[in-house]
Amino acid sequence: MTPSRTTAGMERRIFLIATEESGDRLGANLMKVLRQRLGDGVQFEGVGGRAMAREGLESLFPIEELSIIGLAAVVKDLPKILGLIKETAIAVTEAAPDILVIIDSPDFTHRVAKRVRAKDPGIPIVDYVSPSVWAWRPGRARAMVKYVDHVLALLPFEPEAYRRLHGPPCSYVGHPLTEQLTQLRPNVDEAARRTESPPVLLVLPGSRRSEIRHHMAVFGQAVARLQEQGVTFELVLPTMPHLQEAVVDAVKGWPVQPQVVIGEQEKRAKFRIAHAALAKSGTVTLELALAGVPMVTAYRTGTMEAWILRRAIKVNSVILANLVIGENVIPEFLQEDCTPEKLAAALREVLSDSESRRKQLEAFAKIDGIMSTGHQPPSARAADIVLATMWQARRG
C-alpha cells in the first residue's frame with residue numbers, strides 16, 4: 001500500500017538527499033534536531049553518507065557513486081548519473097514523505113526535486129544550501145519557484161539575492177563554521193606562536209584531486225621564490241587522508257619541503273598558529289577569515305572550464321570571504337594571473353606588517369557580526385523552517 005501524508009496518527013516521514021560529505025554533515029545535524037523536536041515519531045529516508053547513517057539513515061546508494069569531478073568525467077558517467085536521479089525521484093514519490101529536504105549538490109538534487117514536483121506537487125520541498133545564483137546563472141532563482149518552497153541559506157547576503165532575482169522564499173540560517181569557532185581560533189599560547197619567528201605559512205591547494213593537479217606546482221614555485229628572496233617561514237600543508245599520497249608525491253620536487261599534516265583536527269590546529277596562508281578559493285577562505293589568518297588566494301582549472309566560468313560569473317570576486325565581508329580585501333589570482341611571481345609578491349605582503357595584512361585583519365574583526373544568527377545554532381534554525389514548511393503544507 002502506498003503511504004499517505006494524510007493518514008491519521010502516522011509518524012512523520014522526512015526524506016533527505018545529500019550526495020557530498022559537506023552536505024552529509026549538514027544533513028546529520030539537521031536530523032539530530034528534527035529528532036529532538038519530533039521524538040520517536042519521525043522516520044528518515046533518503047540518500048546520505050556516513051554521518052547521516054549514524055543518525056539512522058539507510059542510504060538508497062553509496063554517495064561515493066557520485067564523486068565525479070570534471071566535465072569529461074561527467075560526460076562519461078552521464079547515463080549512470082541520470083539513472084540515479086530517476087531512481088531517487090521514484091523513491092521519494094513512492095515514500096510520499098511529509099517533506100523532502102535537498103542538501104547542496106544542485107546538479108543532482110534539483111533534478112530530483114523537479115521530477116518529484118511534477119509527479120507529486122503535494123510534497124513540500126526545502127533546499128538546504130543555496131546554489132550560487134548570485135554568482136552565475138541567476139535565472140535559476142526564478143526557475144526554482146516552480147519546485148522549491150523554501151531555501152535555507154548559509155551566507156547572510158543570499159536572502160536579498162533571492163528577493164532581487166524573484167526566487168522562492170529564502171532565510172539565512174547560518175553557516176556551520178560559526179559553530180566551530182573554538183576549533184579555529186587560538187588560545188593564549190597559540191596566539192603567541194602566531195607572532196613568533198619563523199612565521200607559520202599554510203599552503204592549501206584544495207580538497208579534490210583535480211585541484212591538487214592544478215595548484216601544487218605553481219604553489220611550490222611561489223614558496224620557492226619567497227625563500228630565494230630571503231623570506232623565512234615554516235611551511236605547513238594540511239590535507240585529507242584520501243589525498244595524502246598525491247600530495248606527498250607532488251611536494252617531493254619542491255625546493256622548500258612543507259610539513260604535511262593529515263585530517264581535519266590537525267588542519268584546525270595549524271590554523272590556530274598560522275601567520276598567513278596561500279589558499280585555493282572556496283570555503284577554506286571563510287575558515288581562514290574566521291580564524292583570523294590573512295591570506296593570498298588563487299584558482300586554476302582546465303581551459304574549457306575556465307572559458308565557461310569567465311562567461312558565467314556575475315560577481316566581482318570569487319572569494320567567499322570577500323563576498324561575505326562585502327569588500328575585496330583578500331587578493332585573488334585566477335587562471336593566467338596565478339603565477340609564482342604574483343603569488344610570491346602578494347605573500348610577502350601578508351607575511352609582513354603591511355597595509356594589505358592590516359586591512360584583512362580589520363575586515364575579519366567584523367565577520368562575527370555579519371554572520372551572526374543570535375543564540376540559535378544553524379541546524380536549529382534550519383529545523384524550525386523545515387518543520388514550519390511541513391506543517392504549512394499539511395494545513396494546505
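- Hydrophobic clustering (ILVMFWY, side-chain heavy atoms < 4.5 Å, transitive): Leu235 and Leu343 are in one cluster.
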Verdict with reasoning, Leu177 to Leu154, per side-chain contact (heavy atoms from CB on, under 4.5 Å):
CA-CA 10 Å; Leu177 285 174; Leu154 270 55; over 6 Å; no

With side-chain contact (heavy atoms from CB on, under 4.5 Å) as the criterion, how do Val47 and Thr19 come out once you've worked through the C-alpha distance, each side chain's angles and the decisive distance to 0.1 Å?
CA-CA 7 Å; Val47 176; Thr19 65; 4.3 Å; yes

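- The shortest side-chain heavy-atom distance between Tyr128 and Leu16 does not fall under the 4.5 Å cut-off.
- Taking CD1 of Ile262 as the start and CD of Gln244 as the end, the distance is 3.5 Å to the nearest 0.5 Å.
- Between the CD1 atom in Ile125 and the CZ atom in Phe15 there is a gap of 11.5 Å [rounded to 0.5 Å].
- Using a 4.5 Å cut-off between side-chain heavy atoms of Ile, Leu, Val, Met, Phe, Trp and Tyr, with links allowed through other members, Val101 and Trp391 fall into the same hydrophobic cluster.
- Annotation: the span from Leu204 atom CG to Thr297 atom OG1 amounts to 11.5 Å, rounded to 0.5 Å.
- Sparse packing is recorded around CG of Asp40, with 12 or fewer heavy atoms of other residues, nucleotides or ligands lying under 6.0 Å away.
- Grouping the Ile, Leu, Val, Met, Phe, Trp and Tyr side chains by contacts below 4.5 angstrom, directly or via other members, places Val284 with Val329.
- Among all heavy-atom pairs drawn from Ile367 and Ala289, the shortest one is CD1-CB, 3.9 Å.
- The side-chain heavy atoms of Met52 and Glu55, taken from C-beta on, include no pair separated by under 4.5 Å.
- A salt bridge does not link Glu362 to Arg358: none of the charged nitrogens lies less than 4.0 Å from a carboxylate oxygen.
- Using a 4.0 Å cut-off between charged side-chain N and carboxylate O, Glu355 and Lys359 make a salt bridge.
- Between Pro159 and Ser171 the shortest heavy-atom distance is CG-C, 4.1 Å.
- Atom CD1 of Ile370 is separated from atom OG1 of Thr178 by 13.0 Å, given to the nearest 0.5 angstrom.
- Taking each heavy atom of Leu237 and Pro258 in turn, the nearest pair found is CB-CB, 4.0 Å.
- Between the Arg272 side chain and the Leu184 main chain, no donor and acceptor come within less than 3.5 Å of each other.
- One finds the NZ atom of Lys280 at 3.5 Å from the CD atom of Glu211 (value rounded to the nearest 0.5 Å).
- With hydrogens and angles disregarded, a donor-acceptor distance shorter than 3.5 Å links the side chain of Ser352 to the backbone of Arg348.
- Of the possible donor and acceptor atoms, none in the side chain of His214 sits under 3.5 Å from a partner among the backbone N and O of Tyr299.
- Counting all heavy atoms, side chain and backbone alike, Val203 lies closest to Phe219 at CG1-CD2, 3.6 Å.
- At least one side-chain heavy atom of Pro168 sits under 4.5 Å from a side-chain heavy atom of Val145.
- At least one donor-acceptor pair under 3.5 Å links the side chain of Arg209 to the backbone N or O of His242.
- Between Lys267 and Glu287, at least one side-chain N (NZ, or NE/NH1/NH2) sits under 4.0 Å from a carboxylate O, which counts as a salt bridge.
- Note on Glu190 versus Arg193: no salt bridge recorded, every NZ/NE/NH1/NH2 to OD/OE distance being 4.0 Å or above.
- Val296 and Leu323 are members of different hydrophobic clusters when ILVMFWY side chains are connected at heavy-atom separations under 4.5 Å.
- Sorted by first and then second residue, the ring pair (Phe, Tyr, Trp, His ring centres under 6.0 Å) pairs involving residues 163-212 (not counting sequence neighbours) form an empty list.
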Between His275 and Leu351, is a side-chain contact (heavy atoms from CB on, under 4.5 Å) present by the stated rule, with each step listed?
CA-CA 7 Å; His275 189 73; Leu351 281 165; 4.1 Å; yes

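- Across all their heavy atoms, Ala250 and Met216 have their closest contact at CB-CE, 3.5 Å.
- Hydrophobic clustering, with ILVMFWY side chains joined whenever heavy atoms are under 4.5 angstrom apart, keeps Val223 apart from Ile273.
- With Pro124 as reference, Ile99 is the one residue of Leu100, Ile99, Asp98 to meet the side chain to side chain contact (heavy atoms under 4.5 Å, CB included) rule.
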Hey, mind stepping through Leu26 and Leu30 against side-chain contact (heavy atoms from CB on, under 4.5 Å) and telling me if it holds?
CA-CA 6 Å; Leu26 285 173; Leu30 177 62; over 6 Å; no

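- At a threshold of 4.0 Å, the pair Arg25-Glu179 does not count as salt-bridged, since none of the basic side-chain nitrogens sits closer than that to a carboxylate oxygen.
- Glu87 contributes atom CD, which lies 11.0 Å from atom CD1 of Ile85 (distance to the nearest 0.5 angstrom).
- Counting heavy atoms from C-beta on, the side chains of Asp120 and Val92 never come closer than 4.5 Å.
- Evaluated for a side chain to side chain contact (heavy atoms under 4.5 Å, CB included) with Met295, the options Glu332, Arg357, Gln360 yield exactly one hit, Gln360.
- Residues Val231 and Leu347 are not in side-chain contact: their nearest non-hydrogen atoms beyond the backbone lie 4.5 Å or more apart.
- Side-chain atoms of Ser372 come within 3.5 Å of backbone atoms of Gly374 as a donor-acceptor pair (strictly under, hydrogens ignored).
- At a threshold of 4.5 Å between non-hydrogen side-chain atoms, the residues Leu290 and Asp368 count as touching.
- At least one donor-acceptor pair under 3.5 Å links the side chain of Arg300 to the backbone N or O of Cys338.
- Across every non-hydrogen atom of His150 and Thr389, the tightest pair is CB-OG1, 4.1 Å.
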Name the atoms and distances for all side-chain donor-acceptor pairs under 3.5 Å in residues 110-117, with sequence neighbours left out.
residue : atom : partner : partner atom : Å
His110  : ND1  : Tyr147  : OH           : 2.8
His110  : NE2  : Asp127  : OD2          : 2.9
Arg111  : NH1  : Asp107  : O            : 2.7
Arg117  : NH2  : Ile123  : O            : 3.1
Arg117  : NH2  : Asp149  : OD2          : 2.8

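- Counting heavy atoms from C-beta on, the side chains of Leu320 and Leu155 come closer than 4.5 Å.
- Inter-residue side-chain proximity for Ser22 and Asp104 is flagged as met; some heavy-atom pair is nearer than 4.5 Å.
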